[in-house]
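In what follows, a single structure is set out as structure tokens and then discussed.
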Amino acid sequence: SKSHIDDTVWQLLLELAESRQASALRDAMFAGAATNTSEQRQVMHWLLRKPDTADLPPHLLPAWQEMDATRRRFLDFAEAIRANPDITDIVNIGIGGSDLGPCMAVQALQAHAHTGKRFHFISNIDGHVLQQTLQQLNARNTLFIVSSKSFSTLETMHNARAALEWFRQQTAHTSADVAAHFVGITTNTAAAASLGVHTTFGFWDWVGGRYSLWSAIGLPLAIAIGAQGFEQLLAGAHAVDRHFVQAAPDKNLPLLLGLLQVWESSLLRYTSRCMAPYLSSLQRLPAYLQQLEMESNGKSMTRYGQAVHWHTTPALWGEPGTNSQHAFFQQIRQGTHITPVEFIAVRQARHPWHQHHVLLLANALAQAQALMQGYDHANPHQRIAGNRPSTFFVLPELTPRTLGALLAVYEHRTFVSGAVWDINSFDQWGVEQGKVMALDIASRWQNADTTGLDASTAHLLRKLCQ
Ligand code: F6P
């Protein structure tokens, strides 16, 4: 009701989705076709949340069985850690999809979490984070989870090696051993073993990093909320998978949201979208969605390798309300750029201060109202033009199930936008190239070797490595 859209545009967008074969692509994804064409991989994160084999194409049965056995194993492991009072600290070492999902979800569901455990997330190659975290830990009470789909990511490998060294030093004269305190989550179990991590939980190349929360990458969350809680998260996402496949186009939430994104980005040319969750525990949701949407759809080539002639995904950013109101809402209300805002409100709070929650929700609603209606005033400085778009999500409460559903809606809307933009949402070649260039610069460090570098980079290299 608060978007710059009318029935005619909706109708045209639904026709556009059909002409781009969005539903055929969706069906191909759910049939296990290699829809990640540039890497020739299946796209089957949805399989991770499938509770049983109902309606499963027979050729996907072996993949489901292997996945289900791994799921049982890591959920049993999570329960064992929950029941072990000697393990008080869980440290996840991983980056990108091997960090953002579990980090965001552990924080989001803290009200449902085991109170006897502390969770830490080390992602950056910035060693300060590693140092500050290790300082708080007792090695014998700590479980390290080294999460990396490839088990070759620079940041994760360096942090894991440093943590292993620290652990060995700390436990040199004790019986504590790496096998009981380090686990690896990866598709590359051989690489984990060569690092000395032999307890591993696998996943598969058909799970993109940014779609991997549902796999063993979710282990920190499973430890926090327990196997049953994790299964609820999966159930919420699975319900959305079914909705996405079955619901009529004009009632299909991911389809409509994906099309709205296309309309706002490609046709109206809005260059960013703001996330405003009105719940502090969703603090990391914008960062999680940045990877999901911007790594998936921040592209300018079609899936066939031709340049696109339309704008694809906009910048995504945000911060929980009401803090955001006291920081950047001024620009959203009166600035020259139009930024669609996405409000997320959770009806039921889990704290005893009713009036706090009333005020929180009232503020969310009022912001959306003000953006749409504006405010007339004799003083031009106080005038707000209004007619600024927003979308409003209402969750009954934040539970594993509703969080799972919400995240799956975001995944599928990203898929829909990508399909209409005609791009492959499941590769990330731009990021891969950045990794190669960073290694090249690192190799020049010791001798300040600027051979062949542009003048700006050469000057900065000399300054930094002095
Ligand atoms: O940032 C690029 C990326 O490849 C992401 O897609 C991925 O989630 C992240 O690096 C971490 O990769 P890995 O899990 O292999 O360590």
Side-chain angles (χ1 to χ4, degrees), residues 35-45 48 70 74 91-106 121-126 129-130 144-164 182-195 197 200-221 284-299 313 315-316 407 410-411 414-415 418 423-440 442:
T35 49
N36 174 358
T37 41
S38 72
E39 298 178 306
Q40 273 308 305
R41 288 181 182 166
Q42 297 163 294
V43 176
M44 298 207 295
H45 46 278
L48 298 164
T70 307
F74 85 76
V91 181
N92 191 81
I93 300 180
I95 197 163
S98 301
D99 164 70
L100 288 164
C103 180
M104 173 275 296
V106 165
F121 291 85
I122 299 177
S123 53
N124 204 333
I125 191 73
D126 175 355
V129 183
L130 180 69
F144 289 92
I145 303 174
V146 184
S147 279
S148 175
K149 179 176 170 180
S150 59
F151 230 81
S152 65
T153 301
L154 175 102
E155 295 88 339
T156 304
M157 292 304 102
H158 276 73
N159 283 326
R161 277 194 210 102
L164 274 162
F182 279 78
V183 297
I185 318 284
T186 184
T187 57
N188 188 354
T189 46
S194 69
L195 196 74
V197 179
T200 50
F201 299 99
F203 63 112
W204 305 272
D205 72 357
W206 43 260
V207 185
R210 51 193 175 272
Y211 300 87
S212 64
L213 171 66
W214 325 98
S215 71
I217 291 287
L219 181 61
L221 179 64
R284 294 295 286 162
L285 184 67
Y288 170 82
L289 295 177
Q290 276 171 342
Q291 189 197 14
L292 176 63
E293 297 194 22
M294 295 168 79
E295 198 166 85
S296 295
N297 287 342
K299 297 175 185 161
T313 217
L316 187 70
L407 300 181
Y410 277 101
E411 284 183 351
T414 304
F415 173 91
I423 56 185
N424 178 0
S425 303
F426 298 99
D427 57 12
Q428 59 284 321
W429 295 106
V431 186
E432 305 304 339
Q433 193 49 33
K435 295 180 189 174
V436 174
M437 290 168 79
L439 285 179
D440 172 56

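In each ligand, atom 1 is the first atom listed, and ligand 1 is the first ligand listed. This structure is a prediction, so every number in the text was calculated from the model and none was measured.
- Ring geometry, F144 versus F182: the interplanar angle falls under 30°, so the pair is classed parallel (tilted spans 30 to 60°).
- For the side chain to side chain donor-acceptor pair (under 3.5 Å) test, residues two or more places apart in sequence or in another chain that qualify with T153 are S150.
- Taking the salt bridge (Lys or Arg N to Asp or Glu O under 4.0 Å) definition, one finds that D126 meets it with nothing, sequence neighbours left out.
- In this structure, V106 and F121 have side chains that are in contact, with non-hydrogen atoms separated by less than 4.5 Å.
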Could you give the N/O to N/O pairs under 3.5 Å linking ligand 1 and the protein, each with its distance?
residue, atom, partner, partner atom, Å
ligand 1, 1 (O), E295, OE2, 3.3
ligand 1, 4 (O), K435, NZ, 3.2
ligand 1, 6 (O), E295, OE1, 2.6
ligand 1, 8 (O), G97, N, 2.8
ligand 1, 8 (O), Q291, NE2, 3.2
ligand 1, 12 (O), T153, OG1, 3.4
ligand 1, 14 (O), S98, OG, 2.7
ligand 1, 14 (O), K149, N, 2.7
ligand 1, 15 (O), S148, OG, 3.4
ligand 1, 15 (O), K149, N, 3.4
ligand 1, 15 (O), S150, N, 2.8
ligand 1, 15 (O), S150, OG, 2.6
ligand 1, 15 (O), T153, OG1, 3.4
ligand 1, 16 (O), S148, OG, 2.6
ligand 1, 16 (O), T153, OG1, 2.5

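- N36 places a side-chain N or O within donor-acceptor distance of the main-chain N or O of F426, the cut-off being under 3.5 Å.
- Residue pairs meeting the salt bridge (charged side-chain N to carboxylate O under 4.0 Å, His left out) criterion with at least one member in residues 286-298, sequence neighbours excluded, are R210-E295, R273-E293.
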